[in-house]
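Heads up: the structure comes next, in structure tokens.
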Amino acid sequence: MSLKVYIPCDAAAVCVGADELVAAFEAQAAQRKLEIEIVRNGSRGLLWLEPMVEVATPNGRVAFGPVEDKDVASVLDAMIADGPHDLRLGIADDITWLKKQTRLTFVRCGIVDPRPVEDYVAHDGYKGLTRALSMDSAGIVADVTTSGLRGRGGAGFPTGIKWKTVADAQADRKFIVCNADEGDSGTFADRMIMEGDPFVVIEGMTIAGIAVGATKGYIYIRSEYPHAIIAMEEGIKAAKRAGWLGDNIKGSGRAFDLEVRVGAGAYVCGEETSLLESLEGRRGIVRAKPPLPAHKGLFGKPTVINNVLSFAAIPFILDNGAKAYADYGMGRSRGTMPIQLAGNVKFGGLFEVAFGITLGELVDDIAGGTFTGKPVRAVQVGGPLGAYFPPSMFDTPFDYEAFAKRDGLIGHGGITIFDDSVDMSKMARFAMEFCAVESCGKCTPCRIGSTRGVETIDKIRRGEQVADNLLVLQDLSNTMKFGSLCALGGFTPYPVMSALKHFPEDFGPVPQVQAAE
Amino acid sequence: MSLVHEIDFGTPRAKSEKMVTLTIDGQSISVPEGTSIMRAAMEMGTQIPKLCATDMVDAFGSCRLCLVEIEGRAGTPASCTTPAMEGLVVHTQNERLAKLRKGVMELYISDHPLDCLTCAANGDCELQDMAGAVGLRDVRYGYDGENHVFAKTGPKHTHHSPESCENDHWMAKDESNPYFTYDPSKCIVCSRCVRACEEVQGTFALTISGRGFESRVSPGMNESFLGSEGVSCGACVQACPTATLTEKAVIEIGQPEHSKVTTCAYCGVGCTFKAEMRGEELVRMVPYKDGKANRGHSCVKGRFAWGYANHKERILNPMIREKITDEWQEVSWDEAFNFAAKKFKGIQAKYGRDSIGGITSSRCTNEEVFVVQKLIRGGFGNNNVDTCARVCHSPTGYGLSTTFGTSAGTQDFDSVEDTDVVMIIGANPTDGHPVFGSRLKKPAPSAAAARHQCRRAHGAGACHRHRRPRRRSFHPRALRLERVRGLGGLRRAAEPLAGSHRHHDRRRSEGAARGSSPVRHRRQRRDLLRPGGHRTQPGLDHRHRDRQSRHGHRQYRPSRRRRESAARPEQRAGLLRHGLVPA
């Protein structure tokens, strides 16, 4: 008998012992003289079940999780016998949490072996690029525009318009840059897809190159993602070997090459112009706009710079048509968003769904509320610079405009859940502190304002002239919001002001409030 | 007499020929396309508050004081980085903008010493000016927070307080450079000094080190200013809006009260300076922005090394002696003139009229050279006058006059900004004519990669600079230095640059490489020698050989830079408001 077992190589799974599981399974198999093939797939995104181990059966892949070393023997028994087990989750594809999703971008993540390009192609990979190679630039750009895809990094700028600007620009060369500096705390979608399905990102960037006339692309990955860096570098090599990258892509005469570049520990280098500065070998400080990177980007050339998820969405659009993507969503937010549920969460992980789902459904139904079981007090959407929403605002639909109207933002799709032990003035202080630590230092409102923000909130928490200092905090937030050069300083007021607005009771002398750990 | 005050327009002049018209504060103004809103407002006479912008360097957008509102656009964009466009309607002042500017100033002053009255920049400080301009009345953050001001931190910042400890952000003054000091406690991180060192001087000696609140100007990794790559050109001192980088003379003496515009005597560039003085005492030499040779830049010699003027060893009275073995005798000017004249006449009587002559220097001003040759021709009565330029400039003089008809300069310094290829022969600009060397290195705005240093072009060499990559891209490398051997080597080096472009470009470069072979050149030379000269080259006989030729010259390319003085009506209005032009 032989078994084909899937154990994720995703960094999150590795964190909870996936690599040790591989050794344990191999040891157990050897002991039983059992033939076992272990495939290191990506994560399916059900992080509370990691390491989630699957076994191939005639009915599909059966999942077990979360598996620890001590469970290996019994799980292996259950696999061989196809019998019951406490950790048995049933057919992976039938897991409710997965079935509720609309996986257009993450369709392969967790299913394929991320390393060989053959597995990618066998799962509908590179169909988008094949079609794109037969189209002209205007056609590809039109498809992307019609799909309604908006930048998934956070700004939500229509991707088609950005590509059109670069396509129309006159220059001797152009570049494609992938922003893989996923710095927002509580987000992991970029990392997951790079580790679990690297070719979808490569394909998306290649299509972009063909669309705008660029022959070189760079993927800027944050230094804190070593597994993703290796995965993308291996993926590029494999794609080159198979002829999907290089001087003559599959005999089409079109050329595109990719390179991975690694960051160096600066959140601000996730801001597009700061990223370009870093790529050029300079200090990662923000550039003033205009000019836009689409006109003067990397090395002064027209550059398409998009988030990992934006590129990852492209192959589906080119393969299935713009309408297939645009059919999902609401309002001006078309398609699906890979939402990352994190924080004090019961069922945390990657949930890709069409725009329009309400925040409440995400937090209460999908995420299952808090890990501690205590009531949800606040939810931060959009990363550390996102606004805090109380449960009273759970009717807000996941839509760029709907969130903006309520002084919030979707950002990169990260949702962080807090229970009722959270101290919201401490969270406001954290927002300012985060800004102070990560500020590039170029503009005054952020460079000095964030430090003064921390000090002002400290004074409030010490009970010093609370009313006056609350006013100072509001003025400072106004200065930072409208005066800052980029969104780091510009959006820091969102968590601060939303905390102040929805949880004013936390902004006073601290002794009676228990700090959340 | 008072200090000559030059307007700082905030951002450099745009070079486009196309004009756009926009409305600022209800007034209509037309400016070249590419001009920033800040500059357009300034030309109109409206000073938008600014700290990080200065027209010697490109816009940066970091201080966030110059925010304006544009109808139809959300938010409050910075006027320095926002280009003027046709039909824009801009408001530079309203309650919202005033509040934002106060908020920004409040942050600046919360991390700045409050010693205005004893500070070297008192009366000449842009931070002071802006605090006043925006109406800052209090700093609600107090002064107990994190700062770069105090050496010790803790309650009341007293050195004796038991709870006070070292302030990690504080850095001591750097007084290593003999001419100026760097006081990090006053730095507002506007980066003007860093940008001036990059864009004006081209040395790249300065950077900002640290991130966020810790950002401070740094002259290197761990060097002092004197130990750094800096060449003491003073561009950083000139750019600094506060007392962070200040001349030591100003610290010692105080602010100057009147100035005279004059020419530096050190080298052939002839930079224009404002000699700023207090009474008879020279306080400092400041480069003049309207100087046609230097355009507001300087080098260490003219900027700082003028101490020789008042040096105690400077000879102030004439001295004479009969023999070289005699002691020098101090005499009156009359006696000295008589002595010299008598001696010269004596030599001529004994050895003939042609037995004496004189040599001037190319580093003298034109006026000084004129007077010397007048003495020789009119006083000595012969033509035995020459200049030291004969020694280094002879070969080039011959080549130029054969090719162009004159060995004098055919271009003004500004033309280097519109040049694609520069060939340097027998010159070492970064050492010998540093201010021009800096202008040579100034990169094209669109070529971010063209930031290489052109150093030490010894002997015959070719230096190509990649300008305007979209037009006439000769080759991808920004700056290339080659040694060439002989005319053949020069021709081979020049050929790829001429490339497939305009036919007469190639002929011109080949002609220059081959020497004077086409008949045209010989004919030109004959015309040159005929009195009266060529019809289209008036006055080009030997008496006016050294004047710049400006009219009808085939190779002359007019400078694209407009002169400051030829003011357009709106500009003139602005100049009027600033009292620069008589009403």
Side-chain angles (χ1 to χ4, degrees), chain A residues 170-173 265-266 268 276 280 282-291 296 298-301 435-456 458-459 464-465 468-469 471-473 475-486 488-490, chain B residues 51-52 58-65 67 74-78 80-83 96-97 99-112 139-142 144-147 169 188-191 207-216 444-450 469-470 473 476:
Chain A
Q170 302 294 326
D172 57 349
R173 61 183 316 191
V268 73
L276 294 175
E280 290 184 17
R282 301 176 207 244
R283 296 178 70 239
I285 58 173
V286 176
R287 292 180 191 170
K289 294 189 277 202
K296 279 194 169 41
L298 188 62
F299 300 117
K301 308 294 177 190
C435 182
V437 168
E438 300 291 347
S439 170
C440 77
K442 177 166 171 179
C443 82
T444 309
C446 176
R447 178 182 77 248
I448 308 182
S450 50
T451 301
R452 298 291 172 244
V454 173
E455 291 165 5
T456 307
D458 276 340
K459 286 181 198 168
E464 292 172 24
Q465 293 166 295
D468 287 343
N469 279 313
L471 191 58
V472 171
L473 187 61
D475 281 352
L476 174 61
S477 295
N478 186 57
T479 304
M480 287 178 76
K481 186 171 175 188
F482 292 103
S484 295
L485 177 59
C486 83
L488 175 51
Chain B
L51 272 175
C52 74
D58 290 335
F60 198 50
S62 74
C63 72
R64 317 309 292 173
L65 269 181
L67 309 177
T76 48
C80 62
T81 52
T82 310
R96 179 186 180 202
L97 295 170
K99 190 163 181 215
L100 285 171
R101 289 183 192 138
K102 269 200 191 117
V104 172
M105 278 315 298
E106 197 178 14
L107 289 170
Y108 269 125
I109 306 300
S110 76
D111 183 25
H112 197 84
V139 176
R140 297 166 293 172
Y141 303 108
D144 290 332
E146 285 195 57
N147 64 79
H169 293 303
I188 60 171
V189 203
C190 64
S191 297
T207 184
I208 303 288
S209 102
R211 191 169 82 191
F213 192 78
E214 289 167 11
S215 304
R216 284 295 104 173
S446 51
R470 263 172 273 128
S473 309

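Letters go in sequence order (proteins before strands), and every chain restarts at 1.
Only the backbone of Ser484(A) comes within contact range of chain B, with heavy atoms under 4.5 Å apart. For a residue to count as touching a neighbouring chain, one of its non-hydrogen atoms must lie under 4.5 Å from one of that chain's; by this rule Leu67(B) touches chain A with the side chain only. Of the two parts of Arg101(B), neither the backbone nor the side chain holds a non-hydrogen atom closer than 4.5 Å to a non-hydrogen atom of chain A. Contact annotation for Lys481(A): neither backbone nor side-chain heavy atoms come within less than 4.5 Å of a heavy atom of chain B.
The closest donor-acceptor contact from the side chain of Lys442(A) to the backbone of Phe60(B) lies under 3.5 Å. Arg64(B) contributes no side-chain N or O that, together with a main-chain N or O of Thr444(A), makes up a donor-acceptor pair within less than 3.5 Å. Panel note: side chain Glu455(A), backbone Tyr141(B); no donor-acceptor pair is recorded below 3.5 Å.
Interface summary for chain A: among Leu65(B), Thr81(B), Thr207(B), Ile208(B), the most heavy-atom pairs under 4.5 angstrom belong to Ile208(B). When Gly75(B), Cys190(B), Ser110(B) are compared by the number of non-hydrogen pairs under 4.5 Å with chain A, Ser110(B) comes out ahead. When each of Ser450(A), Gly483(A), Cys446(A) is scored by its heavy-atom pairs under 4.5 Å with chain B, the top score falls to Gly483(A).
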Legend entry - Criterion side chain to side chain donor-acceptor pair (under 3.5 Å) on Ser215(B) and Arg447(A), from CA distance to verdict: CA-CA 9 Å; Ser215(B) 304; Arg447(A) 178 182 77 248; 5.6 Å; no
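Between Arg211(B) and Glu438(A), at least one side-chain N (NZ, or NE/NH1/NH2) sits under 4.0 Å from a carboxylate O, which counts as a salt bridge. A salt bridge does not link Lys102(B) to Asp475(A): none of the charged side-chain nitrogens sits closer than 4.0 Å to a carboxylate oxygen.
Shortest non-hydrogen contact noted between Leu100(B) and Asn478(A) is CD2-O, 3.7 Å. A pairwise comparison of heavy atoms in Arg283(A) and Gly210(B) identifies NH2-O, 2.8 Å as the closest pair. Across Val189(B) and Gly441(A), no two heavy atoms sit closer than the pair CG1-O, 4.4 Å.
Residue Ser191(B) holds its OG atom at 6.0 Å from CD1 of Ile285(A), rounded to the nearest 0.5 Å. Distance check: Thr479(A) OG1 to Met105(B) CE gives 12.5 Å after rounding to the nearest 0.5 Å.
Residues Leu476(A) and Leu107(B) have side chains in contact (heavy-atom distance under 4.5 Å, counting atoms from C-beta outward). Looking at Asp468(A) and Arg140(B), their side chains never come closer than 4.5 Å, going by heavy atoms from C-beta outward.
Crowding of Gln465(A) atom CD: a count of heavy atoms from other residues, nucleotides or ligands under 6.0 Å not exceeding 12.
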